[in-house]
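All values below come from the heavy atoms of this structure, side chains included, with hydrogens, waters and symmetry mates left out. First the proteins, then the strands, lettered A, B, ... as listed; each starts at 1. The model shown is predicted, which means the values in this text are computed figures rather than measured ones.
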Protein chains: 2
Amino acid sequence: MRLNRWPDLEALALLVTVSELGGVGRAARQHGISQPSASSRLRTLERRLGVQVLQRLPVGSRLTAEGQMVVDWARDVLGAADALMAGVTAMRRERGAALPVAASMTVAEYLVPGWLIGLRPIEPDVTVGLQVVNSARVAELVLGGEAELGFVEGPSLPVGLASRLVGRDRLVVVVAPGHPWARRRTPLRPRELAATPLIVREPGSGTRITFETVMERYGPLAEPLLELGSNSAVKVALASGAGPAVLSELAVGDELADGRLLAVPPEGVDLQRRLRAVWIEGRRLDGPARSLLTLATRSGAARRATGS
Amino acid sequence: MRLNRWPDLEALALLVTVSELGGVGRAARQHGISQPSASSRLRTLERRLGVQVLQRLPVGSRLTAEGQMVVDWARDVLGAADALMAGVTAMRRERGAALPVAASMTVAEYLVPGWLIGLRPIEPDVTVGLQVVNSARVAELVLGGEAELGFVEGPSLPVGLASRLVGRDRLVVVVAPGHPWARRRTPLRPRELAATPLIVREPGSGTRITFETVMERYGPLAEPLLELGSNSAVKVALASGAGPAVLSELAVGDELADGRLLAVPPEGVDLQRRLRAVWIEGRRLDGPARSLLTLATRSGAARRATGS
DNA sequence: TCAACCTCATAGAAACATCCTATGGACTCG
DNA sequence: CGAGTCCATAGGATGTTTCTATGAGGTTGA
């Protein structure tokens with residue numbers, strides 16, 4: 001038996017259900033499997049984790065203290081998996097979806113899945129089709145009627161489109177804990193930042209464009225240290241100690257929170273950008289599109305209120 | 001075949017490795033499985049997701065655009081799973097661990113796993129033992145020598161312990177989008193909050209104590225609407241539309257970010273609390289304990305720097 | 001006190017998935 | 001054009017998960 005084997009998502013979901021319903025058999029019924037199957041699965045999970053999570057009683061099963069923690073962590077795992085599935089499902093139905101949506105990468109990656117999960121209970125029968133393209137192409141798709149709703153990042157706002165702010169995002173300069181900048185005492189001057197080779201996203205990405213637009217006035221930018229096609233590729237490069245990178249705060253929130261990455265804010269530079277929902281000007285949004293827009297707007301409002 | 005089946009974490013990890021190494025065979029080698037096995041697993045994953053994620057070329061495999069997104073989402077899933085495993089592993093070795101740690105629930109749940117993951121590359125051979133107890137008990141365990149390092153939340157700071165700030169946490173009042181308060185225009189007065197029955201954590205929890213201590217001066221608190229033993233149980237109650245709840249910002253960051261929950265900040269009430277590392281006064285921390293403290297402190301610094 | 005009812009665990013057989021080794025087809029490079 | 005790389009397929013061994021049927025333990029109520 002291999003060590004450090006991943007637990008089974010189905011088993012984690014089962015455990016969460018047990019914690020909600022208070023019984024193995026009841027949870028089994030809800031998952032559409034037999035009670036012994038559930039029992040054995042949970043036992044396997046316990047063995048794999050090496051921790052007893054359930055206290056079996058004649059009247060049902062309760063969580064142990066460790067089980068409580070496991071369930072809470074499991075909910076995070078399942079939430080992330082749910083986001084993945086929601087995103088993938090939307091991307092799969094690109095054609096013929098009831099609500100075709102186009103979004104730029106950062107919005108699509110970090111915000112859209114959550115909105116889709118939120119949309120599910122409100123509009124259970126609506127299949128959302130998601131196309132992930134750059135902001136310029138989002139505008140084209142919306143204007144061409146191929147997407148009913150679009151989400152863009154960055155400064156430019158095309159004509160013919162109505163828009164609503166759904167949130168703000170801030171680009172951050174980050175380094176790994178081992179990087180010299182992690183210990184720097186002097187503030188980071190914009191000129192120094194401009195002159196430093198950075199790990200950046202590929203040309204044409206919203207992140208890259210925003211950064212270059214803002215930094216323009218601080219002198220010519222140094223050649224990139226590395227150009228990578230996704231946020232997480234940048235993070236991988238960072239983890240291995242390579243130099244500073246510029247990423248969306250949405251992309252590195254977790255890593256900043258637990259110290260795996262450190263922010264080095266450049267002095268006096270505003271790297272905020274607006275995230276906007278766009279649709280054809282004059283068109284009245286209704287039904288699912290309207291619900292989705294409401295959800296998205298609300299999320300932006302929530303984030304502004306907490307100041308994060 | 002059941003629909004909406006969860007993907008396999010092992011398969012997701014394999015896909016991530018393929019994206020890093022650029023080849024199915026190379027990824028297989030790294031995972032210690034044969035190349036055909038990896039190939040078939042990835043094919044199964046693609047079938048299950050309904051999306052082609054890999055572009056097979058004679059010189060290797062590259063991700064499709066959809067694959068790029070899937071990999072990024074998968075990294076989140078695996079990160080959460082990694083946190084779960086790190087937490088569970090630490091809880092398992094409660095006795096006889098090289099570095100025994102005690103932490104209050106909120107810290108243990110949301111911060112410790114990240115620190116443990118960060119500690120792994122620095123101190124690969126150290127087994128951390130984690131006990132999750134309330135803040136008062138953390139102090140006892142540290143003073144009694146049963147834990148070398150402790151993490152506490154809340155206002156009280158016991159004598160005989162040295163401490164260092166590792167972060168701040170803020171309690172937030174949250175409601176589900178369907179709740180009347182989600183649409184309220186008037187600010188929430190402390191008196192009204194005090195008079196409202198809330199969903200809260202159980203008595204004795206750091207979250208509950210902090211809240212009651214702060215609210216004391218605004219008059220008697222209403223009886224709780226519901227008392228629940230874990231943060232996520234509170235969230236489940238919230239999701240089903242039940243009234244306002246008080247939770248740590250750490251616990252609801254994601255939900256606030258994508259609008260599944262909304263914050264209703266009470267006017268003029270400071271619900272911040274300090275999260276502190278504690279150890280026996282006069283004792284000089286060295287080795288793993290020192291590394292862990294450094295990691296924890298750094299994470300707090302990072303969070304303060306970005307203002308979240 | 002005892003039978004009916006609930007809980008979860010175990011046993012054994014069938015179904016399924018995954019693994020490996022061996023091999024083949026496609027393409028690149030020298 | 002041959003050697004080397006890559007990924008896919010075939011076939012058989014292994015291991016896991018599933019089901020139904022049954023057992024063991026405890027509660028409930030007549």
Side-chain angles (χ1 to χ4, degrees), chain A residues 1-64 66-68 70-71 74 81, chain B residues 1-64 66-67 70-71 81:
Chain A
M1 172 182 140
R2 200 168 359 142
L3 232 62
N4 192 22
R5 238 183 98 145
W6 296 113
D8 185 352
L9 290 182
E10 190 70 36
L12 291 180
L14 191 59
L15 178 65
V16 170
T17 306
V18 171
S19 82
E20 284 164 3
L21 302 185
V24 174
R26 270 162 279 177
R29 229 163 296 134
Q30 177 145 330
H31 281 244
I33 61 175
S34 71
Q35 172 267 317
S37 182
S39 173
S40 123
R41 251 195 132 134
L42 288 167
R43 196 158 284 280
T44 306
L45 177 67
E46 277 185 327
R47 223 188 32 229
R48 210 165 269 179
L49 296 180
V51 166
Q52 190 181 344
V53 293
L54 285 178
Q55 204 177 350
R56 277 88 169 170
L57 305 169
V59 291
S61 291
R62 300 214 66 74
L63 294 171
T64 62
E66 287 82 15
Q68 194 64 260
V70 172
V71 165
Chain B
M1 172 183 138
R2 202 169 355 143
L3 231 61
N4 192 24
R5 238 183 100 143
W6 296 113
D8 186 349
L9 289 182
E10 191 68 37
L12 291 180
L14 191 60
L15 178 64
V16 170
T17 307
V18 171
S19 82
E20 285 165 4
L21 302 184
V24 173
R26 271 162 280 180
R29 230 163 295 135
Q30 175 144 331
H31 281 244
I33 61 175
S34 71
Q35 172 267 318
S37 182
S39 173
S40 124
R41 253 197 130 134
L42 289 167
R43 195 159 286 280
T44 305
L45 177 67
E46 278 185 326
R47 224 192 24 232
R48 212 165 267 180
L49 296 180
V51 167
Q52 190 178 346
V53 293
L54 285 178
Q55 204 176 348
R56 277 90 169 168
L57 306 169
V59 290
S61 291
R62 300 214 65 73
L63 294 171
T64 62
E66 287 82 15
V70 172
V71 164

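- Along DNA chain D, the nucleotide closest to V59(A) and the one closest to L57(B) are compared, and the more 5′ of them pairs with L57(B).
- One atom, CD of Q55(B), and another, C1' of dA8(D), lie 17 Å apart when rounded to the nearest Å.
- For S37(A) and dT17(D), the shortest distance from a side-chain N or O to OP1 or OP2 is not below 4.0 Å.
- Between R56(A) and dA9(C) there is a side-chain N or O to OP1 or OP2 distance below 4.0 Å.
- The CD atom of E10(A) sits 15 Å away from the C1' atom of dC16(C) (whole-angstrom rounding).
- Residue S39(A) places at least one side-chain N or O closer than 4.0 Å to OP1 or OP2 of dA9(C).
- Whole-Å rounding puts the R62(A) CZ to dT7(C) P distance at 14 Å.
- Rounded to an integer number of Å, the gap from CD of Q52(A) to P of dA9(C) is 10 Å.
- Rounding to whole angstrom units, CZ of residue R47(B) and C1' of dT18(C) are separated by 13 Å.
- Rounded to a whole Å, the CG atom of L42(B) is 15 Å from the C1' atom of dT9(D).
- Between R41(B) and dC19(C) there is a side-chain polar atom (N or O) within less than 4.0 angstrom of OP1 or OP2.
- Counting only heavy atoms from C-beta on, P58(A) has its side chain closest to dG26(D) among dC27(C), dT17(D), dG26(D).
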Review point. Can you check side-chain contact (heavy atoms from CB on, under 4.5 Å) on L54(B) and V24(B), steps first, answer last?
Key: CA-CA 10 Å; L54(B) 285 178; V24(B) 173; 4.3 Å; yes
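- DNA chain C is contacted by both T44(B) and Q35(B); T44(B) maps to the nucleotide lying nearer its 5′ end (nearest heavy atom per residue).
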Practice item. Start with the C-alpha distance between L15(A) and L42(A), add both sets of side-chain angles, then the distance that settles side-chain contact (heavy atoms from CB on, under 4.5 Å), and finish with yes or no. Key: CA-CA 7 Å; L15(A) 178 65; L42(A) 288 167; 4.1 Å; yes
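- Contact between the side-chain N/O atoms of S34(B) and the OP1/OP2 oxygens of dC19(C) is not found at any separation under 4.0 Å.
- With rounding to whole Å, L14(B) atom CG is found 11 Å from dC7(D) atom P.
- Across all non-hydrogen atoms, the minimal contact from W6(B) to E10(A) is CD1-OE1, 3.3 Å.
- Heavy atoms of S40(B) sit nowhere under 4.0 angstrom from any nucleic acid atom.
- Of the possible donor and acceptor atoms, one in the side chain of E46(B) sits under 3.5 Å from a partner among the backbone N and O of V53(B).
- Checking the phosphate oxygens (OP1, OP2) of dT10(C), a side-chain nitrogen or oxygen of R43(A) falls inside 4.0 Å.
- T17(A) pairs in a side chain to side chain donor-acceptor pair (under 3.5 Å) with only one of the listed residues (H31(A), R29(A), R26(A)), which is H31(A).
- Distance from the side chain of I33(B) is smallest for dC20(C) among the nucleotides dT18(C), dG26(D), dC20(C).
- Set against dT18(C), dC7(D), dT7(C), the side chain of V24(B) has dC7(D) as its closest nucleotide.
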